[in-house]
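What follows is one structure encoded as structure tokens, with my remarks underneath.
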Amino acid sequence: METVNTEAVGNVHSLETFGLVDGPGVRCVVFLQGCHMRCRYCHNPETWSMAGGERRTAGALFDRLYRYRKYWGREGGLTVSGGEPLLQTEFVTALFALAKQKKVHTALDTSGNGFCTEWEYLRRFDRLMEKTDLFLLDLKAMDPALHRALTGQDNEGILAMARYVSDHGKDLWIRHVLVPELTDSEEELLAIRDFCRTLPTLKRLEVLPYHTLGRFKWEKLGIAYSLEGTRVPSGEEVSRAEKILETARYE
């Protein structure tokens, strides 16, 4: 059996033991601390800082999560989200390695920020990819300028990660947050559609309607909420986006 670094330490923000939207089936979801992106509609701004959270070892955390395995059934398993889990690659790799020893399905919910093709980075990423069954990618925008305006970060590495994961045969889900008059233009949606067509292992493409459920967290942290007054999309607008993106072809 492979030797796993069970003492790898991660900075964990919180846990959800009965997740239903972060991968197939019922899942335990680990939310990690730390993210370099500053998405204007982020519903977890308290995860941005690397400070805070709770330090946990991969071994101790997996032992705790594995107690919930009876709820996972054949489809469920373990998802690591954030924050941005790619900031803690060694920890996630160790956690997923322990999961694979028990034949637990693993999913990584990431924005892909920080991915690059430098040799040393890819060496670490490949180890993580080997232990990951499914990548869930939040694709904010295709247009580079729009992406920077939305998140404060470029999207070149994010798109490169989607291609890299798919080219290596890993299952991929892509999710796009639909914000009226911001991420819902026909031009932008068509660009996402065309990009998704190039990903041979894409299994699902979802439209997530913008919401304000996390706005109170911005207020609590004393951060100005720049989307003040932005409405949630209507059902018709979501359906329009799904039609343009051709989400039905991935169902």
Side-chain angles (χ1 to χ4, degrees), residues 3-19 21-23 27-68 77-102 104-116 118 120-138 140 151-153 157-158 161 165 175 213-214 216-223:
T3 300
V4 179
N5 180 14
T6 59
E7 296 303 312
V9 176
N11 199 8
V12 178
H13 173 264
S14 58
L15 306 175
E16 182 177 355
T17 58
F18 202 84
V21 296
D22 298 285
R27 312 187 70 81
C28 277
V29 186
V30 179
F31 296 93
L32 298 184
Q33 193 76 29
C35 184
H36 292 157
M37 297 177 77
R38 296 295 182 263
C39 299
R40 295 174 63 187
Y41 45 73
C42 180
H43 58 276
N44 289 319
E46 72 278 18
T47 67
W48 287 351
S49 172
M50 286 300 295
E54 182 178 348
R55 303 287 284 175
R56 302 197 186 202
T57 66
L61 179 58
F62 181 75
D63 287 345
R64 175 178 177 180
L65 299 173
Y66 195 59
R67 296 184 309 203
Y68 297 95
L78 172 63
T79 297
V80 174
S81 184
E84 176 48 66
L86 291 182
L87 294 180
Q88 302 187 54
T89 303
E90 181 181 355
F91 173 73
V92 181
T93 301
L95 186 66
F96 279 3
L98 291 169
K100 298 319 298 176
Q101 288 182 351
K102 298 291 188 180
V104 175
H105 184 275
T106 56
L108 188 74
D109 185 1
T110 175
S111 290
N113 182 238
F115 178 87
C116 68
E118 295 178 0
E120 181 59 29
Y121 181 91
L122 286 181
R123 186 178 66 85
R124 296 192 303 270
F125 185 85
D126 286 350
R127 289 201 301 266
L128 172 60
M129 185 170 64
E130 180 186 358
K131 305 301 181 184
T132 306
D133 295 310
L134 171 67
F135 285 81
L136 293 83
L137 177 64
D138 296 319
K140 318 295 184 181
T151 72
Q153 298 283 320
I158 294 167
M161 194 207 80
V165 165
R175 300 185 288 192
L213 297 179
F216 75 95
K217 299 179 182 180
W218 292 65
E219 296 173 351
K220 184 177 180 180
L221 293 169
I223 306 173

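Note that the structure is a prediction, hence the values are computed from the model and not measured.
Glu84 meets the salt bridge (charged side-chain N to carboxylate O under 4.0 Å, His left out) test with no other residue; sequence neighbours excluded. For Ser49, the side-chain contact (heavy atoms from CB on, under 4.5 Å) partners two or more places apart in sequence, or in a different chain, are Ala51. Asn5 is linked by a side chain to side chain donor-acceptor pair (under 3.5 Å) to Glu90, counting only residues two or more places apart in sequence or in another chain. The ring-ring contact (aromatic ring centres under 6.0 Å, His included) check on Phe91 picks up nothing, with sequence neighbours excluded. Tyr66 meets the ring-ring contact (aromatic ring centres under 6.0 Å, His included) test with Phe62; sequence neighbours excluded. Applying the side chain to side chain donor-acceptor pair (under 3.5 Å) rule to Thr47 yields no partners; only residues at least two apart in sequence or on another chain are considered. For Thr132, the side chain to side chain donor-acceptor pair (under 3.5 Å) criterion is met by no residue, not counting sequence neighbours. Under the rule for a side chain to side chain donor-acceptor pair (under 3.5 Å), the partners of Glu219 that lie at least two apart in sequence or sit in another chain are Arg215. Every residue two or more places apart in sequence or in another chain that forms a ring-ring contact (aromatic ring centres under 6.0 Å, His included) with Trp218 is listed here: Trp48, Tyr225. Taking Asp126 as the reference, Met129, Tyr164 meet the side-chain contact (heavy atoms from CB on, under 4.5 Å) condition, with sequence neighbours excluded.
Phe18 and Tyr68 have their aromatic ring centers separated by at least 6.0 angstrom.
For the side chain to side chain contact (heavy atoms under 4.5 Å, CB included) criterion with Val80, the lone passing option out of Val29, Val12, Val92 is Val92.
Distance CG/Leu78 to CZ/Arg27: 7.0 Å, rounded to 0.5 Å.
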Atom pairs and distances, side-chain donor-acceptor, residues 53-60, under 3.5 Å, sequence neighbours left out:
from	atom 1	to	atom 2	distance (Å)
Glu54	OE1	Arg56	NH2	3.1
Thr57	OG1	Ala60	N	3.2

Show me, pair by pair, the donor-acceptor contacts under 3.5 angstrom made by side chains of residues 34-43, not counting sequence neighbours?
from	atom 1	to	atom 2	distance (Å)
Arg38	NH1	Cys35	O	2.5
Arg40	NE	Ser226	OG	2.9

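For Arg123 and Glu120, the salt-bridge test passes: some basic side-chain N is under 4.0 Å from an acidic carboxylate O.
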